[in-house]
> 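Got a structure here, written out as structure tokens. Questions coming.
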There are 2 protein chains.
Amino acid sequence: MVKAAVPERIKGVCCPPSIPLSLAKVDASVDVLKALADPTRLQMVGALKRSSQPVCICDFTAAFDLSQPTISHHMGKLRDAGLVEVTKVGIWAYYRLSGQLEPRTRALLDVLV
Amino acid sequence: MVKAAVPERIKGVCCPPSIPLSLAKVDASVDVLKALADPTRLQMVGALKRSSQPVCICDFTAAFDLSQPTISHHMGKLRDAGLVEVTKVGIWAYYRLSGQLEPRTRALLDVLV
DNA sequence: GGAAGAGATTGATATCTGTCGATGGGATGC
DNA sequence: GCATCCCATCGACAGATATCAATCTCTTCC
């Protein structure tokens, strides 16, 4: 694909064409991207994606050099973004990737982690 | 794939396994994700990806309801992330997707925009 | 040289975000 | 009941981020 010559311009007549915008799709994508754009959360998602079993959040608390509230905060962000689901068993909380991920989101995770 | 039963736990013995971490890859991905995790920048990248020609940044300044410094700021972030390249012609600045995008990054954009 | 246009940079500000300590809430076990 | 454990929430705070007005740099045109 050749993207060679730049379009010609007339001085003072800037910007005739407008950019095509599809706001809804963009906002949905941005929400997922914001949730993933953090090292801790991206590693959490990667671990959940590679795990065949739900992962106790206490494992993340131990694996990362962060406080327990911070880990809980990050997992909450992933929950709010709809990326993970939780199952509580006794005093433990087991997390896994959401089973209702949109195909686009699943494809995103396949590329990323 | 069945991710059914949660692993058994012993109280007070939390977190035996550690999470596999590959920091370098994660950090690189996070940089790209941060650059894309903004509605304006994601739309910019989408427009550049769909355009067969480099796009004058003045088009973005006109298309978005944002000031010229803000548009320049966002494009600078995309530049810093290595996602776009610029060609200056006279008083104009034409942007296009970088030609040296990593395969992973290109796959990411294919999913996103 | 001087005026004008396009775009980048600077400085200031309001908001968002990541982090931790402290607290609360539910389950387990004595 | 009461202590203990796990996890979520709250409050506070420092650092990052988005935004704009003002300014600066570079180019073009007269």
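The structure displayed is predicted, hence computed values, not measured ones. Throughout, protein chains are lettered first and strands after them, A, B, ... in sequence-line order, and every chain is numbered starting at 1. Computation of the quantities below employed the complete heavy-atom set of this structure, encompassing side-chain atoms and omitting hydrogens, waters and symmetry-equivalent molecules.
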> Between A/G90 and A/K34, which is nearer to the 5' end of DNA chain C once each is assigned its nearest nucleotide?
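Upstream on the strand: A/K34.
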
> Can you tell me which nucleotide in C/dT10, D/dA18, D/dA8 comes closest to the side chain of B/D38?
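Closest nucleotide among those given: D/dA18.
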
> Given that B/V86 and A/A37 both sit by DNA chain C, which one's nearest nucleotide is further toward the 5' end?
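By nearest-heavy-atom nucleotide position, the 5'-most residue is B/V86.
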
> Side chain of B/K11: nearest nucleotide among C/dT28, C/dA4, D/dA8?
C/dT28

> Of the nucleotides C/dT9, C/dC20, D/dA8, which has the atom closest to the A/T70 side chain?
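Of the options given, the side chain of A/T70 lies nearest C/dC20.
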
> Determine whether B/K49 and B/D110 satisfy the following criterion, salt bridge (charged side-chain N to carboxylate O under 4.0 Å, His left out), listing intermediate values before the conclusion.
CA-CA 9 Å; B/K49 182 160 184 292; B/D110 285 339; 3.1 Å; yes

> Picking from D/dT19, D/dT9, C/dA8, which would you name as closest to the side chain of B/S72?
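Among the listed nucleotides, the one closest to the side chain of B/S72 is C/dA8.
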
> What is the nucleic acid contact for B/H74, judged by heavy atoms within less than 4.0 Å: base, sugar-phosphate only, or nothing?
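The answer is sugar-phosphate, as B/H74 gets under 4.0 Å only of primed atoms, P, OP1 or OP2.
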
> Name the closest nucleotide to the A/I91 side chain, picking from C/dT9, D/dC5, D/dA8.
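It is D/dC5.
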
> Side chain of A/C56, heavy atoms from C-beta onward: which of D/dA18, D/dC7, D/dA22 has the nearest atom to it?
D/dC7

> Would you indicate what A/L66 reaches in the nucleic acid, counting non-hydrogen atoms under 4.0 angstrom: base, sugar-phosphate, or nothing?
sugar-phosphate

> Kindly point out which of D/dA22, C/dG5, C/dG18 is positioned nearest to the side chain of A/K77?
C/dG18

> Going by atom types alone, do A/R96 and A/S51 pair a side-chain donor with an acceptor below 3.5 Å?
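No donor-acceptor contact under 3.5 Å links the two side chains.
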
> Please test B/T105 against B/L83 for side-chain contact (heavy atoms from CB on, under 4.5 Å), starting from the C-alpha separation and ending with a verdict.
CA-CA 9 Å; B/T105 305; B/L83 292 172; 3.6 Å; yes

> To the side chain of B/C58, which of C/dG26, D/dT9, C/dG7 is closest?
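My answer, after comparing the listed nucleotides, is C/dG7.
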
> Assess whether one donor atom and one acceptor atom, taken from the side chain of B/Q68 and the base of C/dA6, lie less than 3.5 Å apart.
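In this structure, the two groups form no donor-acceptor pair.
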
> Quick one: is C/dG5 close enough that its OP1 or OP2 comes under 4.0 Å of any side-chain N or O from A/R9?
no

> Quick one about B/R104 and B/S29 (side-chain donor to acceptor, distance below 3.5 Å, no hydrogens or angles considered), yes or no?
yes

> Please assess A/R9 against B/D59 for the test salt bridge (charged side-chain N to carboxylate O under 4.0 Å, His left out), listing each intermediate value before the final yes or no.
CA-CA 11 Å; A/R9 283 285 171 180; B/D59 289 339; 2.6 Å; yes

> D/dC7 P sits how many Å from A/Y95 OH, rounded?
9 Å

> For the side chain of A/I57, counting heavy atoms from C-beta on, which of C/dG21, C/dT19, D/dC7 is nearest?
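The nucleotide sitting nearest to the side chain is D/dC7.
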
